[in-house]
Asker: 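Could you have a look at this structure, given as structure tokens, before my questions?
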2 protein chains.
Amino acid sequence: MPRGECRGQGWWHGKFRGCGYRLTLGREAILDILSKSESHLSAEDIYVKIHTRYPSVGLTTVYRTLDVLSSLGMVYKLDFGDGRSRYEFAEGPKGAHHHHHLVCTQCNKIIDYTDFIDDEVELLNQTEKGLGQKYKFKITNHLIQFYGVCEECSGKK
Amino acid sequence: MPRGECRGQGWWHGKFRGCGYRLTLGREAILDILSKSESHLSAEDIYVKIHTRYPSVGLTTVYRTLDVLSSLGMVYKLDFGDGRSRYEFAEGPKGAHHHHHLVCTQCNKIIDYTDFIDDEVELLNQTEKGLGQKYKFKITNHLIQFYGVCEECSGKK
DNA sequence: TTTGATAATGAAAACCATTTTCATTAAGGA
DNA sequence: TCCTTAATGAAAATGGTTTTCATTATCAAA
């Protein structure tokens with residue numbers, strides 16, 4: 001098996017242990033679902049998926065686990081203003097990815113866009129540096145959202 | 001009285017009437033508070049302020065009024081992820097202003113920054129145009145937030 | 001000015017995503 | 001294997017927001 005590859009029960013083993021957390025069935029199941037899913041799952045979404053395969057894992061555990069994963073930086077907690085949080089796998093140890101979204105204010109559809117991102121990221125990095133210095137913030141992340149009305153919702157008139 | 005100035009009970013009179021809404025004490029009070037306040041008030045904040053001067057105005061009305069104002073575009077509803085919505089006066093008929101924030105993930109402090117905004121806005125306008133075309137979105141607004149840890153919270157260790 | 005349709009309101013109850021409580025179970029170092 | 005204590009599920013609590021419903025108030029029309 002090539003070096004550098006994840007093996008056994010996944011690369012997150014070490015992260016849990018190293019931080020004093022225990023590796024449990026529920027946590028593995030949740031990480032498994034999250035890592036294989038398209039983004040933007042709510043706690044309930046995750047619970048439903050988990051529950052079919054591991055009926056013993058409850059919604060409370062889903063919430064608690066998402067909290068832990070969030071604080072470990074393995075998962076991002078997002079908010080699109082529809083009253084429930086969404087969670088997104090942080091794409092493994094190779095690093096974060098972007099939170100640049102297009103949000104329909106009528107049907108709450110979310111589009112992750114990657115167009116134009118290069119220029120944006122460059123500017124954001126500069127801004128981040130400038131703001132960090134001026135306000136003495138340790139900036140770790142950013143979010144860009146454009147709000148509007150999507151094609152279907154415009155059509156509905 | 002010079003032309004163009006707001007008079008009587010405020011420029012919003014016309015907007016209400018024009019949309020079939022009635023002008024009530026509660027609505028005036030809320031608009032009054034909002035237009036004079038620093039931004040980022042929660043519904044509760046507004047309710048407390050209102051209640052001292054107009055004890056007859058209830059929290060329910062505050063929520064309902066904020067909804068109406070929001071849908072009229074007179075107020076922006078913001079979400080900083082602390083579980084409660086914040087509201088911000090849309091700065092009158094001369095136009096919106098920016099939603100570029102620095103958010104401390106530990107104490108939830110929000111800083112509105114205006115530094116670096118010119119470059120940002122220019123890039124955002126381009127992106128907005130490009131995204132709007134590609135995804136057929138009618139984009140009306142945007143939000144940029146940088147997340148990090150503020151000076152005090154870093155100090156706490 | 002009075003009248004009348006109906007929009008707006010307050011109080012209380014309902015809602016619902018999330019968190020807490022608490023007794024029980026299980027991970028994993030010794 | 002044992003033992004400390006982290007993790008768990010179920011149920012209750014929390015807290016921001018919305019709904020219900022009977023009452024009140026706005027304002028266009030007479």
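Below, chain A is the first sequence line, B the second, and so on; all start at residue 1. The shown structure was predicted, so the numbers you read here are calculated from the model rather than taken from an experiment. Side chains included, hydrogens not; waters and symmetry mates left out as well; all remaining heavy atoms used.
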Asker: Whole angstrom is fine here: how far is it from CD1 in B:Ile50 over to C1' in C:dT9?
Answerer: 14 Å
Asker: Any non-hydrogen side-chain atom of B:Val103 less than 4.5 Å from a side-chain atom of B:Tyr147?
Answerer: yes
Asker: Output side-chain donor-acceptor pairs under 3.5 Å for residues 42-49 of chain A, partner residues at least two apart or in another chain, one line each.
Answerer:
residue : atom : partner : partner atom : Å
A:Ser42 : OG   : A:Asp45 : N            : 3.1
A:Ser42 : OG   : A:Asp45 : OD1          : 3.4
A:Ser42 : OG   : A:Asp45 : OD2          : 3.0
A:Asp45 : OD2  : A:Ser42 : N            : 2.9
A:Tyr47 : OH   : A:His51 : NE2          : 3.4

Asker: Evaluate the side chain to side chain contact (heavy atoms under 4.5 Å, CB included) criterion for residues A:Phe146 and B:Glu128: first the C-alpha distance (whole Å), next the side-chain angles of each, then the deciding distance (0.1 Å), finally the verdict.
Answerer: CA-CA 8 Å; A:Phe146 286 97; B:Glu128 203 166 299; 3.6 Å; yes
Asker: Tell me: CG of B:Leu72 to P of C:dA8, nearest whole Å?
Answerer: 11 Å
Asker: What residues form a side chain to side chain donor-acceptor pair (under 3.5 Å) with A:Tyr113, not counting sequence neighbours?
Answerer: A:Glu120
Asker: Heavy-atom nearest nucleotide on DNA chain C for B:Ser56 versus B:Gly20: which residue maps closer to 5'?
Answerer: B:Gly20
Asker: Can you measure A:Asp82 atom CG to D:dT18 atom P for me and round it to whole angstrom units?
Answerer: 12 Å
Asker: Identify every side-chain donor-acceptor pair in residues 62-74 of chain B under 3.5 Å, counting partners at least two apart or on other chains, and give the distances.
Answerer:
residue : atom : partner : partner atom : Å
B:Thr65 : OG1  : B:Thr61 : O            : 2.8
B:Ser71 : OG   : B:Val68 : O            : 2.9

Asker: For the residue pair B:His142 and A:His101, is the inter-centroid distance of their aromatic rings smaller than 6.0 Å?
Answerer: no
Asker: B:Tyr47 has an atom OH; how far is it from atom P of D:dG15, in whole Å?
Answerer: 17 Å
Asker: Measure from CG on B:Leu66 to C1' on C:dT9 and round the result to the nearest Å.
Answerer: 15 Å
Asker: My understanding is that only residues two or more places apart in sequence, or in another chain, count here; which of them pass side chain to side chain donor-acceptor pair (under 3.5 Å) with A:Tyr54?
Answerer: none
Asker: Do nucleotides 17-22 of chain C as a string where each nucleotide becomes B, S or -: B if the base has a protein heavy atom under 4.0 Å, S if just the sugar-phosphate does, - if no protein is that close.
Answerer: SSBBB-
Asker: So, do B:His40 and B:Phe80 have ring centers that fall under 6.0 Å from each other?
Answerer: yes
Asker: Could you run down nucleotides 25-30 of chain C 5' to 3' and tag each one B, S or - for protein heavy-atom contact under 4.0 Å?
Answerer: -BBS--
